[in-house]
S.K.: 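What follows is a single structure, and I will ask about it in a moment.
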Amino acid sequence: MSSENSVRVWLVERTYSDDEQNLIILVYATPDGTQYFRKERALTSFTDTRDTTAALDVDPDNLGSVNETELREQYATEATRMADEHDPDDPI
């Protein structure tokens with residue numbers, strides 16, 4: 001559900017928190033890799049079946065800047081790959 005003021009970001013990284021048990025950290029980025037959106041998801045049970053989608057449409061105010069060149073390139077590569085291979089609502 002895209003709106004005029006939203007920015008589409010693509011899943012580029014999924015990690016498990018070292019600090020907290022049952023916490024998944026999802027990072028989505030713009031196709032150019034310059035901005036990212038971080039989402040934390042607590043798994044409530046082993047049967048938790050919420051889908052993680054290939055892309056999200058987020059408010060630009062919720063985006064952070066990627067300052068490291070290497071990370072920006074990594075995010076751009078992965079975001080572009082995801083956009084080429086998946087529809088935004090595809091479960092990943």
Side-chain angles (χ1 to χ4, degrees):
M1 292 181 199
S2 178
S3 74
E4 281 183 36
N5 298 325
S6 65
V7 175
R8 177 154 294 161
V9 290
W10 295 87
L11 183 65
V12 296
E13 189 175 285
R14 179 181 357 211
T15 57
Y16 296 91
S17 174
D18 292 334
D19 299 335
E20 299 207 26
Q21 212 171 15
N22 299 330
L23 186 66
I24 296 174
I25 300 165
L26 304 171
V27 178
Y28 290 79
T30 55
D32 63 5
T34 61
Q35 296 181 295
Y36 74 96
F37 175 74
R38 179 183 162 127
K39 182 176 183 177
E40 295 181 356
R41 177 179 291 166
L43 296 177
T44 55
S45 72
F46 289 113
T47 59
D48 191 342
T49 58
R50 292 175 288 170
D51 286 335
T52 297
T53 58
L56 296 174
D57 294 318
V58 298
D59 186 312
D61 292 338
N62 292 332
L63 294 173
S65 295
V66 180
N67 298 318
E68 297 175 37
T69 302
E70 188 174 309
L71 188 58
R72 189 179 315 129
E73 291 171 1
Q74 175 188 332
Y75 282 0
T77 298
E78 186 61 15
T80 300
R81 184 186 72 78
M82 291 293 282
D84 288 345
E85 295 179 8
H86 298 280
D87 289 329
D89 293 329
D90 282 354
I92 302 296

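Please read all numbers here as calculations on a predicted model, not as lab measurements. We count residues from 1, following the sequence as given.
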S.K.: Rounded at 0.5 Å granularity, tell me how far CD in Glu78 sits from CD in Glu73.
M.R.: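 Glu78 CD to Glu73 CD: 14.5 Å, rounded to 0.5 Å.
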S.K.: Quick one: closest heavy-atom pair of Ala29 and Ala79, and the distance?
M.R.: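 Scanning both residues completely, I find the closest heavy atoms to be O-CB, 3.8 Å.
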S.K.: So Val12 and Met82, side chain to side chain contact (heavy atoms under 4.5 Å, CB included) or not? Walk me through it.
M.R.: CA-CA 8 Å; Val12 296; Met82 291 293 282; 5.7 Å; no
S.K.: With a cut-off of 6.0 Å (strictly less than), are more than 12 heavy atoms of other residues, nucleotides or ligands near CD of Glu70?
M.R.: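 No, not enclosed.
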S.K.: Could you walk me through whether Phe37 and Leu56 satisfy the side chain to side chain contact (heavy atoms under 4.5 Å, CB included) test, starting with their C-alpha distance in whole Å, then the side-chain angles of each, then the deciding distance to 0.1 Å, before giving a yes or no?
M.R.: CA-CA 9 Å; Phe37 175 74; Leu56 296 174; 3.9 Å; yes
S.K.: Any sub-3.5 Å donor-acceptor pair from Asp90's side-chain atoms to Asp87's backbone N or O?
M.R.: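 A pair under 3.5 Å: yes.
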S.K.: So which atom in Tyr28 and which in Leu11 form the shortest heavy-atom distance, rounded to 0.1 Å?
M.R.: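 Scanning both residues completely, I find the closest heavy atoms to be CD2-N, 3.2 Å.
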S.K.: Drop me the distance from Leu26's CG to Arg38's CZ, to the nearest 0.5 angstrom.
M.R.: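 One finds 9.5 Å between CG of Leu26 and CZ of Arg38.
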S.K.: Looking at Arg72 and Asn67, what are the two nearest heavy atoms and their distance?
M.R.: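 In terms of heavy atoms, the two residues are closest at NH2-O, 3.2 Å.
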S.K.: Please give me the minimum heavy-atom distance between His86 and Ala54, naming the atom from each residue.
M.R.: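 Distance-wise, the nearest heavy atoms are CB-CB, 3.8 Å.
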S.K.: Taking all heavy atoms of Pro60 and all of Ser6, pick out the closest pair and write down the distance.
M.R.: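 Result for this residue pair: CD-CA, 4.4 Å.
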S.K.: Within a reach of under 6.0 Å around CD of Glu68, are more than 12 heavy atoms found that belong to other residues, nucleotides or ligands?
M.R.: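 For Glu68, atom CD is not crowded (no more than 12 foreign heavy atoms under 6.0 Å).
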S.K.: Would you check, one step at a time, whether the test side chain to side chain contact (heavy atoms under 4.5 Å, CB included) holds for Trp10 with Arg81?
M.R.: CA-CA 9 Å; Trp10 295 87; Arg81 184 186 72 78; over 6 Å; no
S.K.: Is a side-chain N or O of Asp51 found less than 3.5 angstrom from the main chain of Thr53, in a donor-acceptor match?
M.R.: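 It does not hold such a pair.
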S.K.: With rounding to the nearest 0.5 angstrom, report the CZ to CD1 distance, Arg41 to Ile25.
M.R.: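 Interatomic distance, Arg41 CZ to Ile25 CD1, rounded to 0.5 Å: 12.5 Å.
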S.K.: Looking only at side-chain N and O atoms, does Asp32 offer a donor or acceptor that is under 3.5 Å from a partner on Thr30?
M.R.: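 Asp32 and Thr30 do have a side-chain donor-acceptor pair below 3.5 Å.
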S.K.: Are the side chains of Tyr75 and Gln35 in contact, using a 4.5 Å heavy-atom criterion?
M.R.: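 A side-chain contact under 4.5 Å is absent here.
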